[in-house]
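For reference, the structure discussed in these notes is given below.
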Amino acid sequence: QEWWSTTFLNNIKSIGKVLLILSPWNDPIPLTRCWCLWEIKSSLETETDLVVKVPQTDVDKCLKMLDCEDSFSASNALVAIQAEKSEAFLPHDKEMIFRAIEDGMGFSRLNAMVKKEMREWFLGMSDNLISSMKRTGQEKPRVLGKMLWNVGSMLEEFGDSRRAITPLQDALELYIREYGVEDAKTGPLFICAANIHCKLGKYAQALDCYTKALKTKIAMLGEHHPEVAELLNNMANVCEQQGNFEEALVHCNKALRVLTASRVTENHEDFAKLFHTIAGVYENQGEYSKALEYFNKAMLVHQTSLDDEQKHTLMVAKCLCSIASVYLNKAEFAKALDHFQRALQIQIEILGDEHPQTALTYNAMASAFRDQGIYTKALEYYTNALTIRVACFGEIHPETAATQHGMAVVFDTMGEFAKALQFYSKALIGMITSHGEDHLRTALVYSNMASLLRKTGQYSQSLNLFEKCLKIYQSTIGENHPTTAGIYNNMANLLMCQNEHSKAFVYFNKALQIKESTLGENHPSTANTCNSLAGLCLKRGDVGQANEYFGRALSIFRAVYGDDHPNTASVYLNIAAMFVKDGEYAKALQHYISGLGIFVDVYGENHPTVATILGNMAVVYGHQGEFERAKECYLKVIANWEVNFGSNHPNLVATYIKLMEVYKKQKAYGKAIDIYSKVVFTPNKCVDQTKSDIFIDLAKCLEADGDYLLALESYHRALVLTVKENGNKHPNALALQNKITALNKLSTSWNKIDNHYPGG
């Protein structure tokens, strides 16, 4: 194996090309031979050109598929590659090759890379043929149009919506020229183009195409036909994406009347689809009871349907996932995970553990664990989803990017900003490649990256990304959309960090006005902005207005979620902060304890927010002089941070230092010094050891504890750092020199530190 892993690999690299002959094209023999796989693997590992060629007879067979009614047989052939099913004459060779692949790039990545090469070959061949046909005019428009249609559909299947729309629009122009706008043959192409426009976030174009398709359907089938209802349902979905929920419900009600008039039975899947859409609109409006009612209606239709049991069982799984999503919004995590688990079990039994739908549920469950603060479990499920999606779609695909984005959010929440940025960058590449710079999914990645940059103090870079994101939303879904309001909210938070409170107030109010006009005055998202505005008013010293916004947010959250929801708790916590600012510590503790009880009940004691609340309570106890209680809180915080983030996280270090301050107030200097030893003088260097303040604090503790020699040493280290940063004439440097001199004079019995100061 060593020769094959070194000499052979180097020879492949020096040759510079590896030729892969695909024959037959839809089940290539080389991909069933282990030694051929070894050559392909070597090519990919050494970044040598992998040249794909197909015999002309196979090319002709392949091209025929572009002129057939169903192009998906070609698409399926390009996604059905499984290198792990290859064979070798000698079992030892197969074992050696498989082990090398598994220890290296793995079969999932190898399959994905081979699929990518095959797809690029197929699409390149298709482009060449279509370009030739356009140039020579040798084919009838309807033949060329059908080929363009199939190529566009395959590109969509591969997740490349941005490239798919061009051949589909070309096909549409040919069909309109050949058949007319209202012909039955043109209608399905309008629908296909509308679907792509939706994926690209071009909702106005999507509605235009659906409207034309609807007109064709009505002319051909009449007003009361199930296919008319299906198009109305699609239009409702577009309106929902635009944030136009009332218009979406209008389309849904029209579709419901059409289905009822068409005499379709109520256990028909068309009713299930429509119920699912209605439920989604209600979920976005924050009307969770109605959403659950309609998702359950949809599920009941699938459960009682008599045809195609497997298909309807999978649709039951989809409904279970949707119901789980509603329970997530309600912070009812046990119910959410139960429904996800039931869905996952169905999908694994029918589709297996490596199917895209299974990956979708893994991804959703990961988000549920993330929201609960169970980050290791979230990363485990995201990793499962990512493995499947890379194997099925490749490294560059919007679904792969969506999982990478989810993982980035977890690392971001954990404070592992370098890892988060790495995954955000991967997700961004996937979204831009698939959807383009100006897509909503691209904007979402920009938004979260901007928030990360805000957390790390990179305010100008953060603002640039938020502004880029805002332009995308304004050009796609418009100014008056809840998602656009969300960006204004984020920009206001950034301005608060920069103490630009007046500008922040303007942006929060913009967000509030948009949410009130689109979602209504009593929507949870409206309440979130009221809560943020209250916090800003508090910072500006406007306690009266803060109280007003707090009251409004609290009443909305109670009405929608009840008294025991984390969002309700978040208002209690902000009100507590208001009382702290006013010095009303007893009232502050009362509200902190109320908020803490809710978070512990919903998330458990190890959620990071629980640690944050305990830390705030410790500060209040410190103000009251109740140092024992403050100490108890800080020790719980430390235990929480260690469980969630490990022993070398900035939050943990900050808490240790706060605990040290409590020990100093209790005159327990020995314990304070122990903390310094734990967090300052460690190999990991959790604390910045180039800052003089750290050593000044330590010196004061040592001096108070009577350990004057070590106190002198710490003062001296602080002096070295101060002089290095500010020079020996700086007031801080002079003060430290005086302190060392005074401390040296206290006794002549010590082995004094040599009074030699840098630069002096």
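Predicted model, so just to flag it, every value in this text is computed and none were measured.
For F295 and H276, the gap between ring centers is short of 6.0 Å. In summary, the aromatic rings of H405 and Y424 are positioned with their centroids under 6.0 Å apart.
In this view, H523 satisfies the ring pair (Phe, Tyr, Trp, His ring centres under 6.0 Å) rule with no residue, not counting sequence neighbours. Applying the ring pair (Phe, Tyr, Trp, His ring centres under 6.0 Å) rule to F245 yields no partners; only residues at least two apart in sequence or on another chain are considered. With sequence neighbours left out, F466 forms a ring pair (Phe, Tyr, Trp, His ring centres under 6.0 Å) with no residue at all. For the side chain to side chain donor-acceptor pair (under 3.5 Å) test, residues two or more places apart in sequence or in another chain that qualify with E283 are S325, N329. Residues that satisfy the salt bridge (charged side-chain N to carboxylate O under 4.0 Å, His left out) test with D353, not counting sequence neighbours, are absent from this structure. In this view, D371 satisfies the salt bridge (charged side-chain N to carboxylate O under 4.0 Å, His left out) rule with no residue, not counting sequence neighbours. Scanning for salt bridge (charged side-chain N to carboxylate O under 4.0 Å, His left out) contacts around K199 gives E156, with sequence neighbours left out. For the side chain to side chain donor-acceptor pair (under 3.5 Å) test, no residue two or more places apart in sequence or in another chain qualifies with H565. When the side chain to side chain donor-acceptor pair (under 3.5 Å) test is applied to S451, no partner is found at least two apart in sequence or on another chain. With sequence neighbours left out, the salt bridge (charged side-chain N to carboxylate O under 4.0 Å, His left out) criterion links K330 to E332. In this view, K311 and E269 satisfy the side chain to side chain donor-acceptor pair (under 3.5 Å) rule, not counting sequence neighbours. With sequence neighbours excluded, no residue satisfies ring pair (Phe, Tyr, Trp, His ring centres under 6.0 Å) with Y375.
When Y382, F417, F411 are each tested for a ring-ring contact (aromatic ring centres under 6.0 Å, His included) with F423, only one passes: F411. Residue R389 forms a side chain to side chain donor-acceptor pair (under 3.5 Å) with just one option from N384, T400, T403, and that option is T403.
Using modelled atom types, one finds no donor on one side chain facing an acceptor on the other under 3.5 Å when comparing D412 with N448. The closest side-chain donor-acceptor pair between T361 and Q347 falls under 3.5 angstrom.
Using the six-membered ring where Trp is involved, Y288 and Y561 have ring planes that are parallel, under 30° apart on the 30 and 60° scheme.
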(message) Under the criterion ring pair (Phe, Tyr, Trp, His ring centres under 6.0 Å), I'd like the reasoning laid out for H339 against Y327: C-alpha separation, chi angles, the key distance, then a yes or no.
(response) CA-CA 9 Å; H339 282 76; Y327 282 126; 5.4 Å; yes
(request) Check step by step if ring pair (Phe, Tyr, Trp, His ring centres under 6.0 Å) holds for F369 and Y381. (result) CA-CA 9 Å; F369 285 121; Y381 275 75; 5.2 Å; yes
